[in-house]
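First the structure, in the form of structure tokens, and then the observations on it.
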Amino acid sequence: MRPTMTRSAGSSRRVSSGLTVLLVLVLALLATKELVAEPMRIETMSMSPTLVAGDHVLADKVSRRDGRWQRGDVVAFRRTSHGQVLVKRIVALAGDTVGLRDGRLFVNGARVAEPYTDASLIDSVYFGPVHVPAAHVFVLGDDRGNSRDSRVFGPVATSALMSRIDAVIWPVPPSRQGLH
């Protein structure tokens, strides 16, 4: 009878060890998603041609901790009034003056080259100029005619920025410009 009890106790320990390992793996995955990187799915065409609806991207959450946002970064952020997550490009930083003249981007009075936009889709939009307040960034979609961005809801607080988008992970993208 003892061998049966030992075998049963051994099986119980193995199951317990297996559950512990599984729990550790699940917690590690959750921590990675919250602290390091998270896959996201692009839902709209507002970042076309850089990102298109259906793209799966990798959101780098380490970037949020360093707080060194730069013009040109593609970022995910939460609109607190709606709770939705948006992906847009930072075009101006705190202290900058930003505007559009005849569809062309100007920051601090200088025209900005934007190789990530489709020049054939740029219309003759005029906007601004506006000043970006402290602890905020100004974001635009790459497809300006198809994007609700800072022109509509204003500058985004840097505290609302969740991550930098660094790569398309699925589908394997054709040659697209715009991400680092």
Side-chain angles (χ1 to χ4, degrees), residues 38-61 63-64 66-171 173-180:
E38 176 181 6
M40 295 177 66
R41 185 174 188 277
I42 301 301
E43 300 294 332
T44 71
M45 293 298 288
S46 71
M47 285 299 295
S48 176
T50 305
L51 300 171
V52 298
D55 280 351
H56 293 263
V57 298
L58 189 60
D60 165 23
K61 293 194 171 191
S63 58
R64 180 167 198 249
D66 75 18
R68 288 185 237 151
W69 306 106
Q70 299 176 15
R71 285 184 206 98
D73 285 347
V74 176
V75 295
F77 60 96
R78 187 170 306 281
R79 284 213 38 223
T80 54
S81 61
H82 294 85
Q84 69 189 130
V85 174
L86 299 177
V87 174
K88 305 291 179 194
R89 184 179 303 276
I90 295 175
V91 297
L93 303 170
D96 287 342
T97 299
V98 61
L100 293 168
R101 292 186 224 151
D102 201 21
R104 306 294 188 244
L105 178 65
F106 286 80
V107 176
N108 300 325
R111 182 165 175 214
V112 177
E114 296 183 284
Y116 42 79
T117 60
D118 182 347
S120 69
L121 297 177
I122 294 177
D123 55 14
S124 58
V125 169
Y126 285 82
F127 173 84
V130 297
H131 181 76
V132 182
H136 285 74
V137 296
F138 197 91
V139 298
L140 293 175
D142 288 354
D143 182 355
R144 302 286 155 68
N146 186 27
S147 180
R148 292 183 52 84
D149 46 40
S150 286
R151 294 171 295 168
V152 174
F153 50 73
V156 175
T158 54
S159 62
L161 299 177
M162 299 166 45
S163 57
R164 183 176 291 121
I165 307 300
D166 284 335
V168 176
I169 54 177
W170 184 260
S175 176
R176 286 193 216 152
Q177 292 186 2
L179 293 176
H180 301 286

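With rounding to the nearest 0.5 angstrom, the CD1 atom of Ile165 is 11.0 Å from the CG atom of Asp55. Separating the OG1 atom in Thr158 from the CZ atom in Arg68 is a distance of 14.5 Å, to the nearest 0.5 Å.
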Quiz item: Can you check side chain to side chain contact (heavy atoms under 4.5 Å, CB included) on Phe77 and Val85, steps first, answer last?
Solution: CA-CA 5 Å; Phe77 60 96; Val85 174; over 6 Å; no
Quiz prompt | side chain to side chain contact (heavy atoms under 4.5 Å, CB included) assessment of Leu51 paired with Val87 | solution = CA-CA 9 Å; Leu51 300 171; Val87 174; 4.0 Å; yes
Quiz prompt | Derivation of the side chain to side chain contact (heavy atoms under 4.5 Å, CB included) call for Lys88 and Val74 | solution = CA-CA 6 Å; Lys88 305 291 179 194; Val74 176; over 6 Å; no
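A pairwise comparison of heavy atoms in Pro155 and Pro133 identifies CG-CD, 3.7 Å as the closest pair. Minimum interatomic distance between His56 and Gly54 (heavy atoms only, all atoms of both residues): CD2-O, 3.2 Å. Heavy atoms only, all atoms of each residue included: Asn146 and Ser46 are closest at O-CB, 3.3 Å. Taking each heavy atom of Ser163 and Met40 in turn, the nearest pair found is OG-SD, 4.5 Å. What you find for Pro39 and Ile169 is that their closest heavy atoms are CB-CD1, 4.0 Å. Across every non-hydrogen atom of Phe153 and Val156, the tightest pair is CE1-CG2, 3.8 Å.
With sequence neighbours excluded, no residue forms a salt bridge (Lys or Arg N to Asp or Glu O under 4.0 Å) with Asp143. In this view, Ala157 and His136, Ser159 satisfy the side-chain contact (heavy atoms from CB on, under 4.5 Å) rule, not counting sequence neighbours. Looking at residues two or more places apart in sequence or on another chain, you find a salt bridge (Lys or Arg N to Asp or Glu O under 4.0 Å) between Arg144 and Glu114.
With ring centers used as reference points, Phe106 lies 6.0 Å or more from Phe127.
Taking 4.5 Å as the limit, every side-chain heavy atom of Arg78 sits out of range of all side-chain heavy atoms of Gln84. Contact annotation: the side chain of Leu58 never approaches that of Asp166 to less than 4.5 Å [non-hydrogen atoms, C-beta and beyond]. Met47 has its side chain out of reach of Tyr116: every pair of non-hydrogen atoms, C-beta onward, lies at least 4.5 Å apart.
Sorted by first and then second residue, the pairs that involve residues 146-162 and meet salt bridge (charged side-chain N to carboxylate O under 4.0 Å, His left out), not counting sequence neighbours, are Asp149-Arg151. The salt bridge (charged side-chain N to carboxylate O under 4.0 Å, His left out) contacts involving residues 125-138 comprise nothing, where partners must be two or more places apart or lie in separate chains.
With respect to the salt-bridge test (charged N to carboxylate O, under 4.0 angstrom), the residues Asp142 and Arg89 qualify.
No donor-acceptor distance shorter than 3.5 angstrom exists from the side chain of Ser150 to the backbone of Phe138, with no hydrogens or angles considered.
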What donor-acceptor contacts under 3.5 angstrom involve side-chain atoms of residues 91-105, with partners at least two apart or in another chain?
| from | atom 1 | to | atom 2 | distance (Å) |
| --- | --- | --- | --- | --- |
| Asp96 | OD1 | Arg71 | NH2 | 2.9 |
| Asp96 | OD1 | Asn108 | ND2 | 3.0 |
| Asp96 | OD2 | Arg71 | NE | 3.0 |
| Asp96 | OD2 | Arg71 | NH2 | 2.7 |
| Asp96 | OD2 | Leu93 | N | 2.7 |

